[in-house]
Protein chains: 2
Amino acid sequence: MNLRELAQHLGLSKTTVSRALNGFSEVNEETRLRVQEAARRFNYTPNVSAKRLATGESGAFGVVLPGASTEMADPVFGEFLAGLADGAGRCGRDLYVNATFDGEEAGYRRLARAKAVDVMILANLKVEDLRIRLLSHLGLQTVTCGRTAGSLVYPHLDIDHEDGVRRAVDLLAGLGHKAIALVSGPADLSASEQRMVGWHAALGRRGLAAEAGLFVAGPATEDHGYRATRALLALPTAPTAFLCASMFLASGCCRAIGDCGLKIGRDVSVIAHDDGLATVRPEAFEPALTTTFSSIRSAGGRVAELAAALVGGADPATLSEVWPVDLIFRDSAQAPPRR
Amino acid sequence: MNLRELAQHLGLSKTTVSRALNGFSEVNEETRLRVQEAARRFNYTPNVSAKRLATGESGAFGVVLPGASTEMADPVFGEFLAGLADGAGRCGRDLYVNATFDGEEAGYRRLARAKAVDVMILANLKVEDLRIRLLSHLGLQTVTCGRTAGSLVYPHLDIDHEDGVRRAVDLLAGLGHKAIALVSGPADLSASEQRMVGWHAALGRRGLAAEAGLFVAGPATEDHGYRATRALLALPTAPTAFLCASMFLASGCCRAIGDCGLKIGRDVSVIAHDDGLATVRPEAFEPALTTTFSSIRSAGGRVAELAAALVGGADPATLSEVWPVDLIFRDSAQAPPRR
DNA sequence: CAGATCTTTCAAACCGGTTCGAACTTCTTT
DNA sequence: AAAGAAGTTCGAACCGGTTTGAAAGATCTG
């Protein structure tokens, strides 16, 4: 059942039917009801391709997965994607996922030229993220999850990594810890940099030294968390507290601590950042982990809403948000052992 | 730059240009080269919406994420999706991800009516999966990752769960284990059922009892793996070997074993199924885990290829594959302790 | 009651491709 | 030389919506 058939059936023109269904004001209310009723009865749904061609809007948001990389293996990204798809659905849009075999840039160019998406979504922003400039150059509207220090203005949603770390450091310092390590994610990620800045600043305010050796960057995996923690514990000035940028790093961190014969809470303290994944819950740790929390899924949903607003013509300058991070106290953060 | 402009520029008709670019035979070779050259020079890419409207094909494969559920939190599904997007890209298609706020079925209906996708992709098949029937009823072509026991024929790719478990049991039984537990994923999943069947059969062939108490189903999480293993170890007839259906279950299983003061390899053996996620590698376990292995990412890629073949008109009956599973021996499987 | 205004509807053009059927060349065949 | 076949190219229709501009009918104004 298409528009012409529906119109024919009703004895109306395509124009009127289209307008009735799209909520235009110049349609008689009685006619509108009759049309809506018929559309429901015949199970009519506009053909998306036709609608897109006519309106010039694609009705979809684009995400490019870097082909060779393991970004998708990252469950945090997966969860973000789920939130995104969810939010897009609520806004009546869909998600166009394009995995590129020929390089990420080629993917963006293709999507732009083919007018396949209305807005590109970018996540895992780098400190210097070339993609933003590329997309603005290609004339593709963009919304990002995360932000960079650069001067470009673009709609984004980010969480306050810096403040999250600050509060975690404050808590640990307040408990008496002097040597607080930061086990972070990839160094080229903007979020990692923000965390490092927050760590430096918070330690500085407390009059504690942010020793370079107490900061470790690397992939956000269990494996790297384990190795980084082993290395840190082997230092002459081994830290008494660990800040982990992700739950996976925290898993490895906790395993390393256990393997060194230490007990979390009693000998060392751990605070992790929790993105709210259902598979690695802080309560499942022994002892339960103190965390800074912000749901990456909700963030994805909100990013979709921002993208929809952008398409709707909202002023890009008003479409940026930085969410606060919750600090949730559990048993893994305690006063350091007396020496 | 659109087709009409390009044609005008070349002094040709839209028809000829379209045909030249799409490889039709009735175009003069010289003309074709001229057209291709111009298309490259002007950076021409056909508008996807227009192409879709004209051809009736959407050029995209659909995936519906069940909205409320935590399926996406599942990194295995994320990895599958990455493979899918990757394979789709290689076939020149895209992935349409639709997260439904109003129920999974509504999502399928919408996609079908709007002709938004050429093929639906289904994963995580249930033992009795109503979606297959629904989609065939909606007239949507479908390719699944996994298979059900039902009589319906549909293109699918699956791995040989049954044989994987059989081989793992054979290895353990050969080492001398008598009580081999199966820590499985959700009971309503077809894969879980296949594993259970394989477990039963393999034990039976070895003359060992498949005691009901030694089979535990539940969510494929670290948490559940831990609890299931604790419960199993508390049995009067505690198993000496554990088969885990996922690496997450295995993580929890190993933690539980350690917490009970046992040592993997010496006191109990563990074999897990590894989907090849970069974040939880069997080598990172202590000791390294013996696994049955099959890359879920590759599977996703292949599913996309099958879907492309289906659109291309291949006979659906020829588009099914069951992949064998590798058994990779590492240190977590050893002979049981003498009593 | 004529003329202006508002409401409601419609035919036709448009979005940017694909494809059918016809037409025009050029080359064989008889 | 006429007829037939093959090779190229083109105009026009089509896919299924949206949107413009005009028109018909109803209501209001002076």
Side-chain angles (χ1 to χ4, degrees), chain A residues 1-36 38-39 42-60 92 94 110-118 311-312, chain B residues 1-36 38-39 42-60 92 94 110-118 311-312:
Chain A
M1 171 64 71
N2 62 26
L3 187 65
R4 186 168 42 86
E5 289 164 1
L6 184 63
Q8 227 151 36
H9 194 92
L10 284 161
L12 289 168
S13 71
K14 290 196 321 180
T15 310
T16 305
V17 176
S18 170
R19 288 187 166 151
L21 293 174
N22 288 317
F24 282 63
S25 61
E26 66 261 68
V27 178
N28 189 321
E29 206 48 39
E30 193 185 324
T31 313
R32 182 192 308 282
L33 289 175
R34 206 157 60 86
V35 171
Q36 284 171 342
F42 290 114
N43 238 332
Y44 168 76
T45 306
N47 177 310
V48 287
S49 304
K51 190 165 193 148
R52 287 169 177 203
L53 177 56
T55 57
E57 277 186 12
S58 74
D94 287 287
R110 199 165 38 236
L111 255 47
R113 289 210 312 244
K115 292 231 167 41
V117 303
D118 296 330
V311 175
Chain B
M1 171 64 68
N2 63 25
L3 187 64
R4 186 168 41 87
E5 289 162 1
L6 184 63
Q8 228 153 34
H9 194 91
L10 284 160
L12 290 167
S13 71
K14 290 195 324 181
T15 309
T16 304
V17 175
S18 170
R19 287 185 167 152
L21 293 173
N22 287 318
F24 281 62
S25 63
E26 66 262 68
V27 178
N28 188 320
E29 207 47 42
E30 192 187 324
T31 312
R32 182 192 307 282
L33 288 175
R34 208 157 59 85
V35 171
Q36 284 171 343
F42 290 114
N43 238 330
Y44 168 76
T45 308
N47 178 309
V48 288
S49 304
K51 189 167 194 147
R52 288 171 176 199
L53 177 56
T55 58
E57 277 185 11
S58 74
D94 287 287
R110 198 166 38 234
L111 255 45
R113 290 209 312 242
K115 292 232 169 36
V117 302
D118 297 330
V311 175

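Computed from heavy atoms alone, side chains included, the values below leave out hydrogens, waters and symmetry copies. We name chains A, B, ... by the order of the sequence lines, and we start the count at 1 in each one.
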Review point. Roughly, in whole Å, what's the span from NZ in B/Lys115 to P in D/dG16?
Key: 8 Å

Review point. Rounded to the nearest 0.5 Å, how far does CG of B/Asn2 lie from NZ of B/Lys14?
Key: 8.5 Å

Exercise for review: Please tell me which of the listed nucleotides, C/dT8, D/dG17, D/dT8, lies nearest to the side chain of A/Ala50?
Suggested key: D/dG17

Check your understanding: CD of B/Glu30: more than 12 outside heavy atoms within 6.0 angstrom?
Key -> no

Check your understanding: Just by modelled atom types, is the B/Phe24 backbone N or O under 3.5 Å from a matching donor or acceptor in the B/Asn22 side chain?
Key -> no

Practice item. Figure out the CZ/P separation between B/Arg34 and D/dT9, and round it to whole Å. Key: 9 Å

Exercise for review: May I ask you to evaluate whether B/Tyr44 reaches the phosphate of C/dG16, defined as a side-chain N or O under 4.0 Å from OP1 or OP2?
Suggested key: no

Practice item. Using only side-chain N and O atoms of A/Lys51, determine if any of them is under 4.0 Å from OP1 or OP2 of D/dT18. Key: yes

Review point. Reckon A/Thr15 touches a base, only the sugar-phosphate, or nothing at all at heavy-atom distances under 4.0 Å?
Key: base

Practice item. Mind calculating the distance between CD (A/Glu57) and P (C/dG16) to the nearest angstrom? Key: 14 Å

Check your understanding: Between A/Thr16 and C/dC10, does any side-chain N or O lie under 4.0 Å from OP1 or OP2?
Key -> yes

Review point. Start at the 5' end of DNA chain D and walk down; is the nucleotide closest to A/Leu3 or to B/Leu12 reached first?
Key: B/Leu12

Exercise for review: Mind calculating the distance between CD (A/Glu30) and P (C/dT7) to the nearest angstrom?
Suggested key: 17 Å

Practice item. Using whole Å, report how far CD of B/Gln8 lies from C1' of D/dG11. Key: 14 Å

**Study point:** Closest contact, heavy atoms only, A/Ala20 versus A/Val27
**Key:** N-CG2, 3.9 Å

Point to revise | Closest-nucleotide ordering on DNA chain D, the 5'-leading residue of B/Ser25 and B/Ala54 | key: B/Ser25

Practice item. Verify the contact: side-chain N or O of B/Thr31 to OP1 or OP2 of D/dT9, cut-off strictly under 4.0 Å; return yes or no. Key: yes

Review point. Is the distance from OP1 or OP2 of C/dG16 to the nearest side-chain N or O of B/Asn47 less than 4.0 Å?
Key: no

Check your understanding: Considering only side-chain heavy atoms of B/Lys14, which listed nucleotide, C/dT18, D/dG16, D/dT9, is closest?
Key -> C/dT18

Point to revise | Separation of C/dC15 P from B/Asn2 CG (nearest whole Å) | key: 8 Å

**Study point:** Residue whose nearest DNA chain C nucleotide is more 5′ - B/Leu53 or B/Arg19
**Key:** B/Leu53

Check your understanding: Once you round it to whole Å, what is the distance between P of D/dC14 and CZ of B/Arg4?
Key -> 20 Å

Practice item. Consider the side chain of A/Ser13, meaning its heavy atoms from C-beta on, and name the nucleotide among C/dT19, C/dG17, C/dC10 that approaches it most closely. Key: C/dC10

Review point. What are the two closest heavy atoms between B/Pro46 and B/Lys51, and how far apart are they?
Key: CG-NZ, 4.2 Å

**Study point:** Residue-phosphate contact under 4.0 Å: A/Asn22 side-chain N/O, D/dT18 OP1/OP2
**Key:** yes

Review point. Just to confirm, is there a sub-4.0 Å distance from OP1 or OP2 of D/dT18 to any side-chain nitrogen or oxygen of A/Ser18?
Key: yes

**Study point:** Straight-line distance of B/Asp118 CG to B/Thr55 OG1, nearest 0.5 Å
**Key:** 8.0 Å

**Study point:** Rounded distance (Å) that lies between atom P of C/dC24 and atom CD of B/Glu26
**Key:** 19 Å

